[in-house]
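Reviewing the structure listed below.
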Amino acid sequence: MARTAFVGLGVMGYPMAGHLARHGHEVKVFNRTPAKAEAWVAQYGGTLAHSPREAAREAEIVFCMVGDDPDVRAVVYGADGILAGMAPGAILVDHTTASADLARELFAACKAQGKHFIDAPVSGGQSGAVNGILTIMCGGEEEAFARAEPVMRAYGRQITLIGGPGAGQLTKMVNQICIAGLVQALAEAINFAIKAGLDTDKVLATISKGAAQSWQMENRWKTMVEGKFDFGFAVDWMRKDLRIAMEEARRNGAPLPVTALVDQFYRLVQMKGGGRWDTSSLIQNLRDG
Ligand code: NAP
């Protein structure tokens, strides 16, 4: 069993840290809003830390799950940051979806102090975190990965070291590029089915067994028909992910025309007040006409 710390107990981090505790690992938690960390400790019985530094002290592995690049920097650097608390030899695993540049920067900052870093963004959504079946895409060195991987099994089903520092974040960009175009296509298809007067339950039951099948179709079709979006992966986060992917694409020269277009459709959803709606809310643009 490992001595761990978990920084960031949001939609994803809260249940992920819970799985660590359930699997018998020692867990010290920190959350910017203390009430969430207090609730977590009451539920799982770990230890409450009052700063990222305090959480990281004595931990063999420190997990981090916050929002965007500046949020990761805010909890890692500085006098009260994770790096200041980590012992030499310890591993920082960042599960946040952030830029590959940041991953490389943190890898170098850790290495300079005899510490290890793994970028490890996840896929599988809130339900994947709650059920402990996340897909985890990692970048870093093999030795640190070999130590962290058995611990991440507490909440991960598919855990892969893709390559060196930043490779996990680049893989997550590939993942989000796949999802963006797909969700817009699904929204157009469902709206078409409704306008055509079809029985949408029958349509789904049929085409989900054919070549059009996807995770988004299986998990989101029904709620998209019903116009329910108050759950899951927030549009604000998706736009952050697409921004990161498009910045990377500008550098590597990969054209992303559909991704750029869908990003604008998500912007429309934000303008309707749907920044915290699930990403399947793209259909609302079509239904509103
Ligand atoms: P969330 O519910 O908004 O939680 C964010 C967490 O980060 C909260 O604990 C928040 O603390 C903390 N945080 C944010 N900025 C901070 C800062 N500057 N300093 C300290 N703490 C800070 O987000 P989430 O849905 O768990 O997503 C977290 C990450 O996972 C994001 O990068 C997202 O893109 C990625 N992700 C999410 C999903 C999903 O389905 N939700 C799926 C895959 C990947 P407070 O409680 O104080 O606000």
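Order of listing sets the numbers, starting from 1, for every ligand and every atom in it.
Of all protein heavy atoms, the one closest to atom 24 (P) of ligand 1 is Trp237 NE1, 3.6 Å. Protein heavy atom in closest approach to atom 2 (O) of ligand 1: Val11 N, 2.9 Å. With hydrogens left out, the protein atom closest to atom 48 (O) of ligand 1 is Arg32 NH2, 2.9 Å, a heavy atom. Closest protein heavy atom to atom 20 (C) of ligand 1: Val75 CG1, 3.4 Å. For atom 43 (C) of ligand 1, the closest heavy atom belonging to the protein is Val122 O, 3.5 Å. Of the protein's non-hydrogen atoms, Asp71 OD1, 3.0 Å is the one closest to atom 18 (N) of ligand 1. Looking from atom 38 (C) of ligand 1 to the surrounding protein, the closest heavy atom is Phe233 CD1, 3.4 Å. The nearest heavy-atom contact from the protein to atom 4 (O) of ligand 1 is Gly10 CA, 3.3 Å.
Electrostatic pairing of Arg239 and Asp263 counts as a salt bridge here, judged by a charged N lying under 4.0 Å from a carboxylate O. In summary, Glu149 and Arg153 engage in a salt bridge, as defined by a charged side-chain N under 4.0 Å from a carboxylate O.
Although no hydrogens or angles enter the test, the distance criterion places no donor-acceptor pair under 3.5 Å between the side chain of Lys28 and the main chain of Ala59. Side chain of Asp80 to backbone of Ser51: no donor-acceptor contact under 3.5 angstrom is found. A distance-only check finds a donor-acceptor pair linking the side chain of Thr96 to the backbone of Val66 [under 3.5 Å]. Between the side chain of Gln169 and the backbone N or O of Ala98, at least one donor-acceptor pair lies under 3.5 Å. A distance-only check finds a donor-acceptor pair linking the side chain of Tyr266 to the backbone of Thr279 [under 3.5 Å].
Considering backbone and side-chain N/O of Thr97, one or more are found under 3.5 Å from N/O of ligand 1. In terms of polar-atom proximity, defined here as any N/O pair under 3.5 Å, Ser123 makes no such contact with ligand 1. Taking any N or O of Leu9, backbone or side chain, at least one lies under 3.5 Å from an N or O belonging to ligand 1. For ligand 1, the polar-atom distance check against Asn31 finds a nitrogen or oxygen pair separated by under 3.5 Å.
Heavy-atom distances between Lys172 and ligand 1 reach below 4.0 Å in at least one pair. For Gly67, the closest heavy-atom approach to ligand 1 falls below 4.0 Å. Residue Gln176 places every heavy atom at 4.0 Å or more from ligand 1.
Interface of Arg276 with ligand 1, defined as ligand atoms under 4.0 Å from a residue heavy atom, comprises 2 (O), 3 (O). Interface of Met65 with ligand 1, defined as ligand atoms under 4.0 Å from a residue heavy atom, comprises 6 (C), 7 (O), 28 (C), 29 (C), 30 (O). Taking every heavy atom of Gly8 and a limit of under 4.0 angstrom, the matching atoms of ligand 1 come to 9 (O).
Relative ring orientation between Phe63 and His95 is described as parallel, the plane-to-plane angle staying below 30° on a 0-90° scale split at 30° and 60°.
Minimum heavy-atom separation, Ser99 to Asp69: OG-OD2, 2.6 Å. For Ser123 against Asn175, the heavy-atom pair with the smallest separation is OG-ND2, 3.6 Å.
At a threshold of 4.5 Å between side-chain heavy atoms, the hydrophobic network of Ile, Leu, Val, Met, Phe, Trp and Tyr places Phe231 and Val269 in two separate groups.
Of the candidates Met12, Lys36, Lys240, the one placing a heavy atom closest to atom 33 (C) of ligand 1 is Lys240. Among Asp278, Val66, Asn175, Thr96, the residue whose heavy atom sits closest to atom 31 (C) of ligand 1 is Val66.
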*Trace of the salt bridge (charged side-chain N to carboxylate O under 4.0 Å, His left out) decision for Glu248 with Arg251*: CA-CA 5 Å; Glu248 191 67 41; Arg251 278 192 299 245; 3.1 Å; yes

